[in-house]
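Remarks on the structure that follows.
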Amino acid sequence: MSTLARAMSKFRLAVIQLHVTNVKRDNLSKAKSLIKEAAGQGSKLVVLPECFNSPYGTGFFREYAEKIPGESTKMLSEAAKENEVYLIGGSIPEEDGGKLYNTCPVFGSDGTLLMTHRKIHLFDIDVPGKIRFQESETLSPGSAFSVFETPFCKVGVGICYDIRFAELAQLYSKMGCGLLVYPGAFNMTTGPAHWELLQRARALDNQLYVATASPARDETSSYVAWGHSTVVNPWGEVISTTGSEEAVVYADIDLQYMAEVRRQIPVTVQKRDDLYAVNPVTER
Ligand SMILES: NC(=O)CC(=O)C(=O)O
């Protein structure tokens with residue numbers, strides 16, 4: 001392997017666990033300064049949490065929604081360019097054609113908008129006595145897969161509830177991703193029960209890196225986020241995490257290590273494609 005290829009197989013990832021308030025301007029300026037801080041620590045890819053510019057809740061999405069491009073994506077584009085980082089801009093409520101989406105904008109290190117991921121699986125759940133949440137009351141689902149290239153590896157993006165659907169992660173893995181990123185906002189019921197378990201499951205099943213970015217916990221908000229932004233390696237181990245406060249979580253991604261794990265336990269090439277397969281639906 002050449003020196004360049006070896007250098008490109010390792011990079012630093014930063015996950016920003018932002019304290020999100022109901023003042024959009026404050027959320028944007030705090031995110032901007034933490035992106036700068038993350039870049040200063042050598043990060044090449046920076047991730048923000050789900051709904052980083054707005055409180056998370058069906059009652060807030062229309063008020064905070066923006067078109068893309070708009071105020072929030074303008075800040076993200078500038079921050080990516082100024083700091084020369086790939087930037088996964090968490091998510092924002094997006095308005096398009098009268099519909100609202102939970103959308104993750106992704107920027108290249110020159111500030112170009114590379115793609116947007118609209119949350120595919122809406123968070124509609126009812127756990128009696130604990131939490132009922134119906135994103136579909138105000139949001140529409142996206143219907144596209146979201147993978148982008150970096151000089152290091154392909155990266156697949158989902159938003160929060162999307163992590164519960166193993167097939168999406170498997171498809172991204174089949175598409176060649178070495179890292180899956182899920183901006184997310186689990187809560188005080190599903191967070192302790194499922195947040196880390198799902199990340200480790202997606203990482204282990206597909207033998208790749210998984211990163212999540214949550215808002216920091218705010219006990220006074222109507223939706224209390226679990227926090228615990230985390231990075232998991234292809235062996236299924238948590239390599240970096242945090243508690244509930246605002247923080248930047250760093251992890252060094254090593255794609256040679258990923259290849260080593262895949263050589264040791266070669267499930268990715270042992271799948272019985274003659275018996276079962278997960279494929280994108282091309283026609284409906
Ligand atoms: N907020 C989400 O989209 C998902 C979540 O909290 C959960 O799956 O639990």
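Below, all heavy atoms of this structure are taken into account, side chains as well, without hydrogens, waters or symmetry copies. Position 1 is the first residue of the sequence; numbering continues from there. Order of listing sets the numbers, starting from 1, for every ligand and every atom in it.
Each of Arg118, Glu66, Lys67, Lys99 was checked for a side-chain contact (heavy atoms from CB on, under 4.5 Å) with Glu94, and the lone residue meeting it is Arg118.
Residue Phe123 has no nitrogen or oxygen atom sitting less than 3.5 Å from a nitrogen or oxygen atom of ligand 1, judged on distance alone.
Residue contacts with ligand 1: Tyr56 is included, with a non-hydrogen atom under 4.0 Å away. Ligand 1 is never approached by Glu135 to a heavy-atom distance shorter than 4.0 Å.
The part of Tyr223 lying near ligand 1 is the side chain, judged by heavy-atom distances below 4.0 Å. Neither the backbone nor the side chain of His194 comes within 4.0 Å of ligand 1, counting heavy atoms alone.
Protein heavy atom closest to atom 9 (O) of ligand 1, with residue, atom name and distance, is Thr190 OG1, 2.6 Å. Taking atom 8 (O) of ligand 1 as the reference point, the nearest protein heavy-atom neighbour is Arg164 NE, 2.6 Å.
Phe133 and Tyr223 have their aromatic ring centers within a separation under 6.0 angstrom. Note: His121 and Phe165 meet the aromatic proximity criterion, with ring centroids under 6.0 Å apart.
Of the listed residues (Cys160, Gly184, Ala185, Gly191), the one carrying the non-hydrogen atom nearest atom 4 (C) of ligand 1 is Cys160.
The heavy-atom pair separating Asn102 from Glu135 by the smallest distance is ND2-OE2, 3.2 Å.
Side-chain contact annotation: Asn27 with His19, donor-acceptor N/O pair under 3.5 Å absent.
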